Amino acid sequence: MTDYAVITDPSKLRKEHDEVLLLVTFGSTHEEPHQTFAKIRQTFREAFPDTDIYMAFTSRICMKRWAEKTGQQYYAPDEWLKAIGQAGYKRVLIQSLHVIPGLEYSFITKKYIPAFQQKHPGVQIILGEPLLWNDKDVVRVGNALFNIFRNRLEQGEALVLMGHGNNTDAYPDANNKYIQLNQYLQTLNPRIVIGTVDFKSMLFDFVVKSLERTCEKGCVINLSPLMSVAGDHAKNDMAGAYDAEEPMEEQSWKVQLDAMGYRIDPETNCHLKGLADFPEIRAIWVNHLKEKINPIV
């Protein structure tokens, strides 16, 4: 079986089956997320053993900077789909590894798939949705996150999750997924709160107001990314160290919460793991694709 983990160039595509799966993620320029990507590929390889599996990035900046840093070049979905079409696959599977159906996901539905279907109208194409797609996903992801941090929460600690979000109103269904998940998580434990870096209704001020209602100063707060991987936002915007050249409002969430009197140990309370590092979360993405292949009637 081909080791697809080392094939990131569509010109090196090797057709071994009649079915191919393209995993589509935003990408990252940090080393740890690439270890997470390897876990994702392995999980899907186990779930779809008779399928050729490759991975594409949607961020051109991530492709460029990762290649400059390591020499390993990733490619966008359109370049992969061009190679896939030329290879003559009978069925094409695409799985979005995005968290919400926002801007990055829209590239797949509005750009990449229509272009492929126009050139290859006879090839079946099946798309698996992002992690937070419907109400069932909100419950499944919420339960998984609650169970991951259950012991800490039961000890009276709090949990702040950093999502990304969209900074426009063009994708209300996407941003609403954060609202729904936040509401559900707070039914499980009121000391859980979601904030985002871009969705204006759930920025850092929203996090602070939520904590003030449920956590006394001195409370231990755990920080964890609500993103597929723990990359730049998690390391810098969420858990970054104090920067003497930046004003307090530009400091990381950790530094600002520290200054407000909350307790956050960088070693034990800053959890630099992406959602895709957890097997129970990866299983949700896998199930999305399986359910689209074999719909439940």
Side-chain angles (χ1 to χ4, degrees), residues 21-28 33 36-37 39-41 43-44 47-48 53-59 62 76-78 80-81 92-114 116 125-145 161-185 194 196-199 202 224-231 233-234 273-293 295-296:
L21 166 58
L22 185 63
L23 300 168
V24 181
T25 182
F26 180 81
S28 179
T36 306
F37 295 148
K39 295 177 186 176
I40 295 170
R41 288 190 290 260
T43 294
F44 277 91
F48 299 91
I53 301 176
Y54 300 98
M55 176 171 278
F57 284 7
T58 56
S59 170
C62 286
D78 55 346
W80 272 108
L81 288 171
V92 178
L93 312 178
I94 298 177
Q95 178 57 52
S96 161
L97 298 174
H98 305 101
V99 176
I100 57 173
L103 175 64
E104 298 295 322
Y105 179 67
S106 75
F107 295 158
I108 303 174
T109 59
K110 297 180 179 180
K111 177 181 177 182
Y112 300 129
I113 289 180
F116 179 85
I125 189 163
I126 297 175
L127 172 64
E129 298 96 348
L131 185 68
L132 293 171
W133 180 252
N134 55 32
D135 293 345
K136 181 175 70 173
D137 294 331
V138 168
V139 172
R140 291 189 65 185
V141 172
N143 288 344
L145 290 170
L161 298 159
M162 174 187 272
H164 195 286
N166 290 279
N167 61 3
T168 73
D169 296 326
Y171 306 95
D173 290 341
N175 285 330
N176 281 340
K177 293 295 184 294
Y178 292 118
I179 295 174
Q180 290 178 263
L181 181 59
N182 187 66
Q183 291 172 341
Y184 179 69
L185 284 168
I194 295 173
T196 69
V197 295
D198 260 355
F199 175 33
M202 298 180 75
S224 187
L226 188 65
M227 304 178 188
S228 59
V229 296
H233 285 301
K273 284 189 175 184
L275 294 171
D277 283 304
F278 300 107
E280 54 269 61
I281 299 290
R282 294 198 300 271
I284 298 173
W285 273 301
V286 170
N287 287 338
H288 277 190
L289 188 54
K290 287 186 173 182
E291 289 171 0
K292 289 300 289 287
I293 295 171
I296 300 174

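What's counted below: heavy atoms across the whole structure, side chains too, no hydrogens, waters or symmetry copies. These figures come from a predicted structure and were not determined experimentally. One is the number of the first residue; the rest follow in order along the sequence.
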K.L.:
Can you measure from CZ (Phe26) to OG (Ser228) and round to the nearest 0.5 angstrom?
P.N.:
9.5 Å
K.L.:
Should the heavy atoms of other residues, nucleotides or ligands under 6.0 Å from NZ of Lys273 be counted, would the total exceed 12?
P.N.:
no
K.L.:
Report yes if some heavy atom in the side chain of Tyr171 is under 4.5 Å from a heavy atom in the side chain of Ile100; otherwise report no.
P.N.:
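Tyr171 vs Ile100: side chains apart.
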K.L.:
According to ring-ring contact (aromatic ring centres under 6.0 Å, His included), who are the partners of Phe278, at least two apart in sequence or on a separate chain?
P.N.:
none
K.L.:
With sequence neighbours excluded, what pairs up with Phe37 under the ring-ring contact (aromatic ring centres under 6.0 Å, His included) test?
P.N.:
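Here the qualifying residues are His34, Phe57.
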K.L.:
Who are the side-chain contact (heavy atoms from CB on, under 4.5 Å) partners of Ala47, not counting sequence neighbours?
P.N.:
Val286, Lys290
K.L.:
Quick check on side chain to side chain contact (heavy atoms under 4.5 Å, CB included): which of Leu97, Leu275, Thr25, Asp277 does Thr36 satisfy it with?
P.N.:
Asp277
K.L.:
Mind checking ring-ring contact (aromatic ring centres under 6.0 Å, His included) for His164 and listing every partner two or more places apart, or none if nothing turns up?
P.N.:
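Partners of His164 under the ring-ring contact (aromatic ring centres under 6.0 Å, His included) test: His233.
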K.L.:
What I'd like to find out is whether the side chain of Glu280 reaches to under 4.5 Å of the side chain of Arg140, using heavy atoms alone.
P.N.:
no
K.L.:
I'd like to check Ile125 versus Leu93 (side-chain heavy atoms, cut-off strictly below 4.5 Å). Are they in contact?
P.N.:
no
K.L.:
Would you find a donor on one side and an acceptor on the other, under 3.5 Å apart, between the side chain of His98 and the backbone of Pro130?
P.N.:
no
K.L.:
Keeping Asn175 on the side-chain end and Asn166 on the backbone end, is there a donor-acceptor pair under 3.5 Å?
P.N.:
yes
K.L.:
Under 4.5 Å between any side-chain heavy atoms of Ile94 and Leu21, yes or no?
P.N.:
no
K.L.:
What pairs of residues pass the salt bridge (Lys or Arg N to Asp or Glu O under 4.0 Å) test when at least one of them lies in residues 165-180, not counting sequence neighbours?
P.N.:
Asp169-Lys200
K.L.:
Holding to ring-ring contact (aromatic ring centres under 6.0 Å, His included), I want the full list of residues that pass it with Trp80, two or more places apart in sequence or in another chain.
P.N.:
Tyr54
